[in-house]
Amino acid sequence: MTHVLTRRAALLAVGAALAGGAALSLAPATEAKSGKPLINQIGGGGYAIKGFDPVAYFTVGKPAKGSAEFTSEYKGAKWKFASAENKALFDADPAKYEPAYGGYCAYGVAQGALVKIEGDSWAIRDGKLYLNYDRNIQKRWAKRPASYIKTANTKWPKLVGNR
């Protein structure tokens with residue numbers, strides 16, 4: 001009986017907080033079937049893609065560390081940006097700047113794994129940002145990117161639980 005009352009009290013508290021406009025801090029967005037985060041936050045101190053600005057890859061053609069001064073939330077993850085302008089671009093069209101495979105290593109996804117990235121190991125292909133584990137993996141990925149992308153595209157839904 002105590003368990004039911006405790007659970008009911010917790011549900012009432014959540015409902016009251018939402019009704020009052022309070023923001024609740026929940027775990028990163030996950031796919032219900034797998035429980036794995038959709039956005040790579042490995043080694044990022046709570047930020048997506050290790051705190052790198054996803055827009056900078058497109059606008060200045062190189063990685064840039066984001067600032068806690070310019071942040072947004074998207075798909076249950078916090079994102080950092082190097083400038084207010086980059087934040088505004090992302091906020092206007094996050095899907096345009098979101099890295100492929102939630103920012104997990106593109107080569108790793110092709111191999112069937114969700115692994116970390118290094119911000120300086122990247123490529124843009126057909127308007128999409130691909131990140132990789134490190135420079136050695138980036139070199140390997142760069143030899144056959146179309147093949148790895150094709151393979152990763154088939155493995156990504158299964159990795160996050162959308163079979």
Side-chain angles (χ1 to χ4, degrees), residues 18 21-135 137-138 141-142 144-163:
L18 290 174
L24 294 177
S25 177
L26 303 175
T30 58
E31 290 296 320
K33 293 179 184 176
S34 72
K36 295 176 182 166
L38 287 173
I39 304 296
N40 183 354
Q41 297 172 61
I42 300 169
Y47 289 94
I49 64 171
K50 288 188 146 182
F52 281 89
D53 177 343
V55 176
Y57 293 98
F58 294 90
T59 59
V60 295
K62 63 182 181 177
K65 276 296 214 178
S67 166
E69 182 180 353
F70 310 110
T71 63
S72 291
E73 290 202 22
Y74 174 68
K75 288 191 176 179
K78 293 184 284 185
W79 300 77
K80 284 184 178 181
F81 304 92
S83 67
E85 294 80 13
N86 284 6
K87 178 188 178 324
L89 286 169
F90 184 87
D91 290 345
D93 191 0
K96 178 178 179 177
Y97 300 103
E98 175 189 359
Y101 319 119
Y104 288 98
C105 171
Y107 179 84
V109 172
Q111 304 307 309
L114 299 177
V115 296
K116 72 156 191 97
I117 53 95
E118 293 300 329
D120 63 352
S121 302
W122 63 282
I124 294 175
R125 287 188 54 87
D126 299 322
K128 195 71 180 166
L129 173 61
Y130 295 90
L131 299 168
N132 276 290
Y133 182 84
D134 63 18
R135 288 183 186 199
I137 293 297
Q138 175 67 30
W141 185 85
R144 297 185 15 231
S147 175
Y148 290 125
I149 291 168
K150 183 177 179 182
T151 302
N153 285 346
T154 63
K155 292 189 178 187
W156 174 245
K158 194 174 225 179
L159 285 171
V160 295
N162 289 336
R163 296 170 196 257

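Nothing here was measured: the structure is a model prediction, and the numbers come from that model.
Ring planes of Tyr57 and Phe52: tilted class, angle from 30 to 60°. Note: Tyr74 and Trp79 have tilted aromatic rings, judged against thresholds of 30 and 60 degrees for the angle between ring planes. Using cut-offs of 30° and 60° on the angle between ring planes, the pair Tyr97 and Phe90 is tilted.
Side chain of Asn132 to backbone of Trp141: no donor-acceptor contact under 3.5 angstrom is found. The backbone N or O of Tyr47 lies less than 3.5 Å from no partner atom in the side chain of Gln41, so there is not a single donor-acceptor pair. The backbone N or O of Ala82 sits less than 3.5 Å from a side-chain atom of Asp53, completing a donor-acceptor pair. Looking only at distances, a side-chain donor or acceptor of Lys65 sits under 3.5 Å from a matching main-chain atom of Lys50. Put simply, the side chain of Ser147 never gets that close to the backbone of Arg144: no donor and acceptor are under 3.5 Å apart.
Of all the heavy atoms in Ala48 and Ala77, the pair that sits closest is CB-CB, 4.2 Å. Of all the heavy atoms in Ala123 and Gln138, the pair that sits closest is CB-NE2, 3.8 Å.
Ion pairing of Lys128 with Glu98 is absent here, as no side-chain N (NZ or NE/NH1/NH2) approaches a carboxylate O to less than 4.0 Å. Taking 4.0 Å as the cut-off between side-chain N and carboxylate O, Lys75 and Glu73 do not count as a salt-bridged pair. Look at Glu69 and Lys80 and you find no salt bridge, because none of the NZ, NE, NH1 or NH2 atoms lies under 4.0 Å from a carboxylate O.
In summary, the side chains of Asn153 and Tyr101 do present a donor paired with an acceptor at a separation below 3.5 Å, with no hydrogens or angles considered. Under the 3.5 Å distance criterion, with hydrogens and angles disregarded, no donor-acceptor pair is assigned to the side chains of Asp134 and Ser121.
Within 6.0 Å of the OH atom in Tyr148, the count of heavy atoms belonging to other residues, nucleotides or ligands exceeds 12.
Taking the centre and axis of the six-membered ring of Phe70, the NZ or CZ atom of Lys87 falls outside the cone set by 45° and 6.0 Å.
Taken to the nearest 0.5 Å, the CG atom of Asn86 stands 10.5 Å off from the CG atom of Asp91. We find the SG-CD distance between Cys105 and Gln111 to be 8.5 Å, quoted to the nearest 0.5 Å. For the atom pair Leu114 CG and Asn40 CG, the distance stands at 8.0 Å (nearest 0.5 Å). Expressed to the nearest 0.5 Å, how far CG of Leu159 lies from OG1 of Thr154 amounts to 9.5 Å.
Screening Ile39, Leu131, Ile42 against Tyr104 for a side-chain contact (heavy atoms from CB on, under 4.5 Å) leaves a single residue, Ile42.
In this structure, Phe81 and Ser67 have side chains that are not in contact, with every pair of non-hydrogen atoms separated by 4.5 Å or more.
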| task | Please assess Tyr133 against Glu118 for the test side-chain contact (heavy atoms from CB on, under 4.5 Å), listing each intermediate value before the final yes or no. | result | CA-CA 6 Å; Tyr133 182 84; Glu118 293 300 329; over 6 Å; no
| message | For a side-chain contact (heavy atoms from CB on, under 4.5 Å) check, start with the C-alpha distance between Ile124 and Phe58, then their side-chain angles and the critical distance, and finish with the verdict. | response | CA-CA 8 Å; Ile124 294 175; Phe58 294 90; 3.6 Å; yes
